[in-house]
Colleague: 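I am attaching a structure below and will ask some questions about it afterwards.
Everything quoted here is computed from the prediction, not taken from an experiment. Start at 1 with the first residue, then count along the sequence.
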Amino acid sequence: MSANDMVLQQLESGLLTITMNRPDRRNALNPDMVRGLVEAARRAAEDYEVRAVLLKGAGGTFCVGGDVKSMAEGRTALPFEAKVQALRRGMEVSRILHQMPKPVVAQLDGAAAGAGLSMALACDLRVASESCKITTAFAKVGYSGDYGGTFFLTQLLGSAKARELYLTSPVLTAKEACDLGMVTKVVPDAEVDAAAREFALSLAQGPTVTLGYIKRNINNAETMSLEACFDAEAIHHTRCGDTDDHKEASKAFVEKRKAEFKGH
């Protein structure tokens with residue numbers, strides 16, 4: 001199976017659906033899949049026609065993390081620095097998903113574990129099926145964590161809860177994860193495909209430029225001072241005021257109708 005076969009892409013109505021496609025391995029990450037994911041994420045960030053992203057897994061499972069057997073077989077001969085660089089290149093998928101100026105939704109079903117969970121946490125929103133199992137998993141396989149999971153989980157839940165979830169690696173139900181704030185909403189298993197797509201499509205049909213600036217403002221709040229955030233908000237807010245989408249929204253408000261956004 002080639003990298004393209006392992007990572008499927010479908011663009012429809014402004015929504016790019018990226019599907020991890022190794023169902024026989026529960027979508028475990030191997031080098032080819034990782035390369036495909038990075039390429040797909042870059043395409044999503046750069047393609048003007050992409051207005052939102054849905055990240056999902058084939059075969060009823062999101063992603064169980066790294067394919068430990070495959071990675072070990074492919075990296076045993078590499079020196080330490082080469083291993084680090086290879087891992088760091090793959091981790092770019094999480095950075096791109098987190099920073100791209102477009103909303104990203106993860107569809108969690110089956111299981112989201114290890115690096116799979118890290119990628120889901122890099123997304124803006126997460127829709128989970130009721131039976132989905134969610135776990136950091138790393139400690140149980142002798143790894144400390146990658147793909148940004150420690151960063152994203154600490155930002156979401158605070159360091160105390162992140163320490164607990166990483167050091168003890170409990171397996172959470174979708175409801176438990178939702179109650180903690182890791183998951184946006186939980187739906188019945190039979191409805192997760194439709195619910196996640198509808199959710200992501202609603203964002204793709206929204207004011208794309210504005211949503212991108214909202215995402216940037218929130219990302220800024222993770223690292224910047226209050227004054228710097230104020231400055232950025234003022235700039236972004238003013239830029240939004242010049243967009244066609246803002247003008248359409250204002251007109252729709254006056255005319256008491258639903259706005260029809262064009263993404264510019």
Side-chain angles (χ1 to χ4, degrees), residues 7-21 27 29 33-58 61-63 65 90-109 112 114-129 132 134 146-149 151-153 155-157 174 177-178 181-187 192-222 236 261 263:
V7 180
L8 308 179
Q9 300 181 49
Q10 181 179 7
L11 178 61
E12 182 181 359
S13 301
L15 176 64
L16 179 66
T17 300
I18 301 172
T19 305
M20 294 174 279
N21 188 38
N27 299 317
L29 300 172
M33 178 182 275
V34 169
R35 281 191 291 271
L37 283 169
V38 173
E39 290 171 3
R42 284 184 178 142
R43 180 260 178 108
E46 296 169 2
D47 189 337
Y48 181 79
E49 294 185 3
V50 176
R51 298 174 60 183
V53 177
L54 175 62
L55 178 64
K56 60 185 291 189
T61 297
F62 180 71
C63 175
M91 289 166 63
E92 279 294 283
V93 63
S94 291
R95 183 192 65 77
I96 297 168
L97 292 172
H98 182 64
Q99 294 183 344
M100 75 168 69
K102 302 168 186 181
V104 184
V105 176
Q107 176 185 318
L108 308 184
D109 45 1
L117 176 59
S118 298
M119 288 190 297
L121 295 173
C123 299
D124 301 300
L125 302 161
R126 288 154 290 280
V127 178
S129 64
C132 184
I134 296 170
D146 56 17
Y147 282 70
F151 174 86
F152 299 122
L153 199 58
Q155 292 291 339
L156 278 173
L157 306 183
C178 189
M182 295 171 66
V183 167
T184 308
K185 63 179 178 178
V186 179
V187 299
V192 68
D193 281 309
R197 185 180 183 281
E198 181 180 357
F199 194 26
L201 193 57
S202 70
L203 294 167
Q205 295 171 346
T208 306
V209 174
T210 294
L211 297 182
Y213 281 132
I214 289 172
K215 182 169 176 176
R216 187 176 300 179
N217 287 341
I218 294 170
N219 287 348
N220 285 346
E222 295 172 346
H236 298 160
F261 297 113

Colleague: Keeping the roles fixed (side chain from Thr19, backbone from Gly57), state whether a donor-acceptor pair exists under 3.5 Å.
Modeller: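 Not at all, since once roles are kept as given, no pair shorter than 3.5 Å links the two residues.
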Colleague: With rounding to the nearest 0.5 Å, note down the distance linking CG in Asn21 to CG in Leu8.
Modeller: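 Atom-to-atom, Asn21:CG and Leu8:CG are 4.0 Å apart.
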Colleague: Can you name the nearest heavy-atom pair linking Ser118 to Asp146, along with the distance?
Modeller: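 Heavy atoms of Ser118 and Asp146 come nearest at OG-O, 2.9 Å.
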Colleague: Side chain to side chain contact (heavy atoms under 4.5 Å, CB included) between Leu117 and Phe152: does it pass, once the steps are laid out?
Modeller: CA-CA 10 Å; Leu117 176 59; Phe152 299 122; over 6 Å; no
Colleague: Whether the side chain of Asp124 engages the backbone of Val105 through a donor-acceptor N/O pair (distance < 3.5 Å, no angle test) should be reported.
Modeller: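 Checked: no pair found.
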Colleague: Count the heavy atoms belonging to other residues, nucleotides or ligands that lie under 6.0 Å from CD of Gln99, then report whether that count exceeds 12.
Modeller: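 Yes - once you tally the heavy atoms of other residues, nucleotides and ligands closer than 6.0 Å, there are more than 12.
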Colleague: Which heavy atom in Leu15 sits nearest to a heavy atom in Ala200, and how many Å separate them?
Modeller: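 Closest approach of Leu15 to Ala200: CD1-CB, 3.6 Å.
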Colleague: With side chains defined as the heavy atoms from C-beta onward, is the minimum distance between Leu55 and Leu97 less than 4.5 Å?
Modeller: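 Leu55 vs Leu97: side chains touch.
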Colleague: Given 3.5 Å as the limit, does a donor-acceptor pair link the side chain of Arg51 with the main chain of Gly14, or not?
Modeller: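 A pair under 3.5 Å: no.
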Colleague: Using every non-hydrogen atom in the two residues, find where Cys63 and Gly116 come nearest and quote the distance to one decimal.
Modeller: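 Closest heavy-atom pair between Cys63 and Gly116: SG-CA, 3.7 Å.
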Colleague: Could you walk me through whether Glu12 and Arg197 pass the salt bridge (charged side-chain N to carboxylate O under 4.0 Å, His left out) check?
Modeller: CA-CA 11 Å; Glu12 182 181 359; Arg197 185 180 183 281; 3.3 Å; yes
Colleague: Measuring from atom CZ of Phe151 to atom CZ of Arg95, what distance do you get when rounded to the nearest 0.5 angstrom?
Modeller: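 The CZ atom of Phe151 sits 12.0 Å away from the CZ atom of Arg95.
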Colleague: Is the charged tip of Lys56 near the ring of Phe62: under 6.0 Å from the six-membered ring centre and within 45° of its axis?
Modeller: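 Not satisfied by the 6.0 Å and 45° rule.
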Colleague: Between Phe199 and Leu54, does the side chain to side chain contact (heavy atoms under 4.5 Å, CB included) criterion hold? Intermediate values first, please.
Modeller: CA-CA 9 Å; Phe199 194 26; Leu54 175 62; over 6 Å; no
Colleague: Taking the side chain from Arg126 and the backbone from Gln107, do they hold a donor-acceptor pair closer than 3.5 Å?
Modeller: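 The answer is no, because no donor-acceptor pair under 3.5 Å joins these two groups.
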Colleague: Considering non-hydrogen atoms only, spot the tightest contact between Ala174 and Ala128 and give its length.
Modeller: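 Looks like CB-CB, 4.0 Å.
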Colleague: Might you work through the side chain to side chain contact (heavy atoms under 4.5 Å, CB included) test for Leu156 and Leu121, ending with a clear yes or no?
Modeller: CA-CA 9 Å; Leu156 278 173; Leu121 295 173; 3.6 Å; yes
Colleague: Answer whether the closest heavy-atom distance between the side chains of Pro103 and Lys215 falls below 4.5 Å.
Modeller: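 Of all side-chain heavy-atom pairs linking Lys215 with Pro103, none is under 4.5 Å.
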Colleague: Looking at OG of Ser13 and CD of Gln205, how far apart are the two atoms once the value is rounded to the nearest 0.5 Å?
Modeller: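 Going from the OG atom of Ser13 to the CD atom of Gln205 covers 6.5 Å.
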Colleague: List for me each residue that meets side chain to side chain donor-acceptor pair (under 3.5 Å) alongside Arg43, sequence neighbours excluded, and say none if there are none.
Modeller: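 For Arg43, the residues satisfying side chain to side chain donor-acceptor pair (under 3.5 Å) (neighbours in sequence not counted) are Gln9, Asp47.
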Colleague: Whether the side chain of Lys102 engages the backbone of Val50 through a donor-acceptor N/O pair (distance < 3.5 Å, no angle test) should be reported.
Modeller: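 Answer holds: yes.
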Colleague: Side-chain contact test, heavy atoms from C-beta onward, threshold under 4.5 Å: evaluate it for Val53 versus Met100 and give yes or no.
Modeller: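 A side-chain contact exists here, since the closest heavy-atom pair is under 4.5 Å.
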Colleague: Could you check whether any side-chain N or O of Asp109 sits under 3.5 Å from a backbone N or O of Ser129, counting only pairs where one atom can act as donor and the other as acceptor?
Modeller: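 The answer is no, because no donor-acceptor pair under 3.5 Å joins these two groups.
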Colleague: Atom CG in Leu16, atom CG in Leu11: separation rounded to 0.5 Å?
Modeller: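 Leu16 CG to Leu11 CG: 6.0 Å, rounded to 0.5 Å.
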Colleague: Does a side-chain heavy-atom distance below 4.5 Å link Leu37 with Leu29?
Modeller: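 When only atoms from C-beta onward are counted, Leu29 and Leu37 do touch, with a gap below 4.5 Å.
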Colleague: Applying side chain to side chain contact (heavy atoms under 4.5 Å, CB included) to Val192 and Leu108, what does each step give before you reach the verdict?
Modeller: CA-CA 8 Å; Val192 68; Leu108 308 184; over 6 Å; no
Colleague: Less than 4.5 Å apart, any side-chain heavy atom of Leu125 and any of Val104?
Modeller: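 With C-beta onward as the side chain, the pair stays apart.
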Colleague: CG of Leu201 to CD of Glu198: how many Å apart, nearest 0.5 Å?
Modeller: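 The distance works out to 8.0 Å.
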Colleague: To the nearest 0.5 Å, what is the distance between OH on Tyr213 and OG1 on Thr208?
Modeller: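 Atom-to-atom, Tyr213:OH and Thr208:OG1 are 12.5 Å apart.
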Colleague: Could you give me the CA-CA distance, side-chain angles and deciding distance for Glu39 and Arg42, then say whether salt bridge (charged side-chain N to carboxylate O under 4.0 Å, His left out) is met?
Modeller: CA-CA 5 Å; Glu39 290 171 3; Arg42 284 184 178 142; over 6 Å; no
Colleague: Provide the closest heavy-atom pair for Ile18 versus Ala40 in the form atom of the first, atom of the second, distance.
Modeller: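 That would be CD1-CB, 3.8 Å.
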Colleague: Return the minimal non-hydrogen interatomic distance between Gly263 and Val209, and the atom names on each side.
Modeller: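 Result for this residue pair: O-CG2, 3.9 Å.
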Colleague: Do His98 and Glu222 meet the criterion of a side-chain donor-acceptor pair at a distance under 3.5 Å?
Modeller: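 There is such a pair (donor and acceptor under 3.5 Å, judged by atom type) between the side chains of His98 and Glu222.
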